[in-house]
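Report on one structure; see the data block that follows.
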Amino acid sequence: MSTVTFGITPGSGEKLHEALGYSGAVRVGDRVETSGQAGVDDDLVVPDSLEDEIIQAFDNVERTLATVGATWKDVIHVNSYHKVAPGDDAIGDDHNRVMAEQFRRRLDGRAPIWTETGVTVLGLAAMRVEIRVTAIVGSGN
């Protein structure tokens, strides 16, 4: 039987756990799943800049993975959710450029699968992006 370990991200994750009752990550054996990570600081404030928000979301994924012993180098699948205006027919290059830069910076050449979805609302009104991942601990060695 596999051991199940839940992780709660320090700061923002602790606040969300207390308010809404969910964990930021779960590890079952070597497999890790995260909940969606917003680009918020520990007080749940969204940066004004889209680029800063996306970078913060990547940082929060990293912090969340660490709670269960994983890193970005273990990531095999990324789901990202991007706020778009109703009627928009694509996610903008402003989102894609920063996402690609962060993949290259954090994954050291690894190219996980990626599903990118446009949505009209996210958990907080100011949010424009949310990222969740699947990782296999040790697979990035």
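In this chain, residues are counted from 1 in sequence order.
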Hydrophobic clusters join Ile, Leu, Val, Met, Phe, Trp and Tyr when side-chain heavy atoms are under 4.5 Å apart, directly or via other members; which others share one with [X]?
| X | result |
| --- | --- |
| Val84 | Ile91 |
| Leu122 | Leu16, Leu20, Tyr22, Val40, Leu44, Val46, Tyr81, Val119, Leu124, Met127 |
| Val45 | none |

Inset, instruction - Examine distances only and state if a side-chain atom of Lys83 and a backbone atom of Ala126 form a donor-acceptor pair shorter than 3.5 Å. - result: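 Here the side-chain-to-backbone pair does not exist.
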Can you tell if the side chain of [X] reaches within under 4.5 Å of the side chain of [Y], non-hydrogen atoms only?
| X | Y | answer |
| --- | --- | --- |
| Ile131 | Met99 | yes |
| His82 | Thr117 | no |
| Ser139 | Ile76 | yes |
| His77 | Pro112 | no |
| Thr71 | Leu65 | no |

Taking NZ, NE, NH1 and NH2 as the nitrogens, is one of them in [X] or [Y] under 4.0 Å from a carboxylate oxygen of the other?
| X | Y | answer |
| --- | --- | --- |
| Lys15 | Asp43 | yes |
| Arg63 | Asp42 | yes |
| Glu51 | Arg97 | yes |

Inset, instruction - Output, in order, the C-alpha distance, side-chain angles, deciding distance and verdict of side-chain hydrogen bond (donor to acceptor under 3.5 Å, both in side chains) for Asp52 and Gln56. - result: CA-CA 6 Å; Asp52 290 346; Gln56 183 67 58; over 6 Å; no
Say you draw a straight line from [atom1] of [X] to [atom2] of [Y]; how long is it, rounded to the nearest 0.5 Å?
| X | Y | atom1 | atom2 | value |
| --- | --- | --- | --- | --- |
| Asn60 | Glu130 | CG | CD | 11.0 Å |
| Ile54 | His95 | CD1 | NE2 | 6.0 Å |
| Asp41 | Ser12 | CG | OG | 8.0 Å |

Inset, instruction - Quick one: do Ile55 and Gln102 satisfy side chain to side chain contact (heavy atoms under 4.5 Å, CB included)? Show the steps, please. - result: CA-CA 7 Å; Ile55 291 168; Gln102 292 302 304; 3.5 Å; yes
Legend entry - Shared hydrophobic cluster for Val61 and Val26 (ILVMFWY, side-chain gaps under 4.5 Å): no
Legend entry - Non-hydrogen atoms of Ser23 and Gly7 that approach each other most closely: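 Answer, listing the atom of Ser23 first, then Gly7: CB-O, 3.6 Å.
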Inset, instruction - Can you run down the salt bridge (Lys or Arg N to Asp or Glu O under 4.0 Å) pairs that involve residues 107-125, sequence neighbours left out, and say none if there aren't any? - result: none
Legend entry - Residue among Thr67, Val68, Thr3, Val4 satisfying side chain to side chain contact (heavy atoms under 4.5 Å, CB included) with Arg27: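 Per the side chain to side chain contact (heavy atoms under 4.5 Å, CB included) rule, the option paired with Arg27 is Val68, out of Thr67, Val68, Thr3, Val4.
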Would you list the atom pairs, donor with acceptor, under 3.5 Å between side chains in residues 31-38 and any protein atom, with sequence neighbours excluded?
{"unit_1": "Arg31", "atom_1": "NE", "unit_2": "Glu33", "atom_2": "OE2", "d": "3.0"}
{"unit_1": "Arg31", "atom_1": "NH2", "unit_2": "Glu33", "atom_2": "OE2", "d": "3.0"}
{"unit_1": "Glu33", "atom_1": "OE1", "unit_2": "Arg132", "atom_2": "NH2", "d": "2.3"}
{"unit_1": "Glu33", "atom_1": "OE1", "unit_2": "Thr134", "atom_2": "OG1", "d": "2.7"}
{"unit_1": "Glu33", "atom_1": "OE2", "unit_2": "Thr134", "atom_2": "OG1", "d": "3.3"}
{"unit_1": "Thr34", "atom_1": "OG1", "unit_2": "Val133", "atom_2": "N", "d": "2.9"}
{"unit_1": "Ser35", "atom_1": "OG", "unit_2": "Gly24", "atom_2": "O", "d": "3.3"}
{"unit_1": "Ser35", "atom_1": "OG", "unit_2": "Gln37", "atom_2": "NE2", "d": "3.2"}
{"unit_1": "Gln37", "atom_1": "OE1", "unit_2": "Thr64", "atom_2": "OG1", "d": "3.0"}
{"unit_1": "Gln37", "atom_1": "NE2", "unit_2": "Ser35", "atom_2": "O", "d": "3.1"}

Legend entry - Any pair counted as ring-ring contact (aromatic ring centres under 6.0 Å, His included), so long as it reaches residues 44-69, sequence neighbours left out: Phe58-Trp72, Phe58-Phe103
Inset, instruction - Check the pair Ile136 / Asp74 against side chain to side chain contact (heavy atoms under 4.5 Å, CB included), numbers first and verdict last. - result: CA-CA 5 Å; Ile136 305 295; Asp74 297 316; 5.8 Å; no
